[in-house]
Amino acid sequence: MSTPPPDTELEQLELDLFVEALKRRHGHDFSQYARASLMRRVRQLVHDHHCSSISALTAQLLHEPDFVIQVVQGLSVPVSEMFRDPAVFRALREQVLPILASYPQINIWQAGCAHGQEAYSLAILLEEEGLYERSHIFATDFNPDALQRAREGIYPAKDAQQWSRNYLEAGGSLSLASYYSARYDFIRLHERLRRNITFANHNLVVDKVFCEAHLVLCRNVLIYFSNPLQNRTLTLFRDSLVRGGHLCLGLRETLDFAPVAVDFTAVDPKLRLYRRSSQPTSGNRDESP
Ligand SMILES: C[S@@+](CC[C@H](N)C(=O)[O-])C[C@H]1O[C@@H](n2cnc3c(N)ncnc32)[C@H](O)[C@@H]1O
């Protein structure tokens with residue numbers, strides 16, 4: 001009789017079956033997500049839903065159609081902040097917006113928008129620099145619940161203090177409070193900030209280029225992806241950007257090892273701010289004679 005595999009191996013097998021069930025039964029493909037962080041989140045789901053194992057979670061996923069909503073919610077980590085990493089938003093304000101100002105119409109794609117905090121931060125930057133009227137922000141995520149919350153623009157008041165500090169560090173000259181009304185334990189961002197934002201469902205694993213963009217901001221999403229999926233996503237961003245357009249990634253993410261790196265120059269490598277080359281390079285989609 002052969003000896004059973006150690007628990008970790010068994011758990012890896014259970015994770016494979018869970019991912020397969022999620023894909024075949026519900027059409028959500030997590031097979032190219034970074035394995036260790038996916039395992040952590042699946043274990044958390046097992047705990048939160050009082051399941052005895054990943055297999056028990058899989059059984060629930062297969063037999064209870066609505067359960068998938070909670071599973072996707074648990075795997076998506078829609079955690080964000082307004083003006084998160086203020087130095088990045090300061091660099092966008094001081095180095096990128098003056099360049100965007102030369103376009104008659106400015107398109108920004110913010111991928112992995114979570115509850116919308118970064119999209120609203122961009123709207124504030126654009127408004128303060130006098131560019132919002134001719135800008136459009138396409139803020140996308142694959143988590144429908146997160147998108148709904150993003151559209152509402154309502155957040156816990158306890159977060160406002162930190163976000164106000166971020167705003168000032170990012171070069172804000174007013175008070176963040178001038179952009180929201182506070183009620184009980186919540187703040188509600190002013191309706192006018194939403195006027196040029198479209199929140200839309202887009203899945204970076206399967207969907208195509210979303211729009212022609214002058215700036216793509218996708219922060220703290222690639223860290224959850226395996227290398228091939230990171231490469232797919234970065235190619236999508238390259239193809240979405242106009243020549244000379246900017247790309248902004250999360251501080252723990254990089255373009256350096258991706259094949260599309262040849263199509264970009266680093267504007268501020270520490271802040272993960274890049275610019276698509278204005279000259280065609282080999283492999284570019286729209287290389288013309
Ligand atoms: C940690 S949040 C980052 C939020 C924000 N960009 C920030 O840096 O504060 C990651 C977001 O990526 C989204 N996400 C994960 N996989 C995705 C995919 N395949 N397509 C689109 N969005 C995805 C999640 O739903 C989540 O809202």
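Each ligand, and each atom within it, is numbered from 1 in the order the structure gives.
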If the cut-off is 4.0 Å to any non-hydrogen atom of [X], which atoms of ligand 1 fall inside it?
{"X": "His202", "answer": "20 (N), 21 (C)"}
{"X": "Ala114", "answer": "4 (C), 27 (O)"}
{"X": "Arg219", "answer": "3 (C), 5 (C), 6 (N), 7 (C), 8 (O)"}
{"X": "Asn220", "answer": "1 (C), 2 (S), 3 (C), 7 (C), 8 (O), 10 (C)"}
{"X": "Pro78", "answer": "26 (C), 27 (O)"}
{"X": "Val77", "answer": "1 (C), 2 (S), 10 (C), 26 (C)"}
{"X": "Val205", "answer": "19 (N)"}
{"X": "Tyr33", "answer": "15 (C), 16 (N), 17 (C), 18 (C), 19 (N)"}

Verify the cluster assignment for Leu174 and Tyr180: are they in a single hydrophobic cluster under the rule of side-chain heavy atoms below 4.5 Å apart?
->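 Leu174 clusters together with Tyr180.
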
Compute whether any side-chain donor of one residue and acceptor of the other, for Gln162 and Asn166, lie under 3.5 angstrom apart.
->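 Side chains of Gln162 and Asn166: pair found under 3.5 Å.
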
Below a 4.0 angstrom heavy-atom separation, can you tell me which part of [X], side chain or backbone, both or neither, approaches ligand 1?
{"X": "Ala146", "result": "neither"}
{"X": "Asn203", "result": "both"}
{"X": "Arg84", "result": "side chain"}

Give me the residue, atom name and distance of the protein heavy atom closest to [atom].
{"atom": "atom 24 (C) of ligand 1", "answer": "Ser76 O, 3.0 Å"}
{"atom": "atom 12 (O) of ligand 1", "answer": "Val221 CG2, 3.5 Å"}
{"atom": "atom 4 (C) of ligand 1", "answer": "Gly112 O, 3.4 Å"}
{"atom": "atom 20 (N) of ligand 1", "answer": "Leu204 N, 2.9 Å"}
{"atom": "atom 14 (N) of ligand 1", "answer": "Phe142 CE2, 3.6 Å"}

So, His202 versus Phe138, ring centres under 6.0 angstrom or not?
->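 No; Phe138 has its ring centre 6.0 Å or more from that of His202.
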
Test item: [X] and [Y] side chains (from C-beta on) under 4.5 Å apart, heavy atoms:
{"X": "Glu11", "Y": "Arg43", "answer": "yes"}
{"X": "Leu236", "Y": "Trp109", "answer": "yes"}
{"X": "Thr198", "Y": "His136", "answer": "yes"}

Mark yes or no for whether [X], through its side chain, and [Y], through its backbone, hold a donor-acceptor pair below 3.5 Å.
{"X": "Asn220", "Y": "Gly250", "answer": "no"}
{"X": "Ser226", "Y": "Gln32", "answer": "yes"}
{"X": "His26", "Y": "Leu61", "answer": "yes"}
{"X": "Arg238", "Y": "Phe264", "answer": "no"}

Shortest reach to atom 25 (O) of ligand 1 by a heavy atom, considering only Val72, Asp207, Val206, Asp141 |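 Minimum heavy-atom distance to atom 25 (O) of ligand 1 goes to Asp141.
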
The one among Glu118, Gln110, Gln32 that brings a heavy atom closest to atom 5 (C) of ligand 1 =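 Considering heavy atoms of Glu118, Gln110, Gln32, the nearest to atom 5 (C) of ligand 1 sits in Glu118.
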
Check: Tyr224 N/O within less than 3.5 Å of ligand 1 N/O =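 No; every N/O pair is 3.5 Å or more apart.
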
Check step by step if side-chain contact (heavy atoms from CB on, under 4.5 Å) holds for Phe142 and Val221.
-> CA-CA 11 Å; Phe142 81 140; Val221 181; over 6 Å; no

Of all heavy-atom pairs between Tyr179 and Glu128, which one has the smallest distance, and what is that distance?
->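 Nearest pair, atom of Tyr179 first, then Glu128: OH-OE2, 2.6 Å.
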
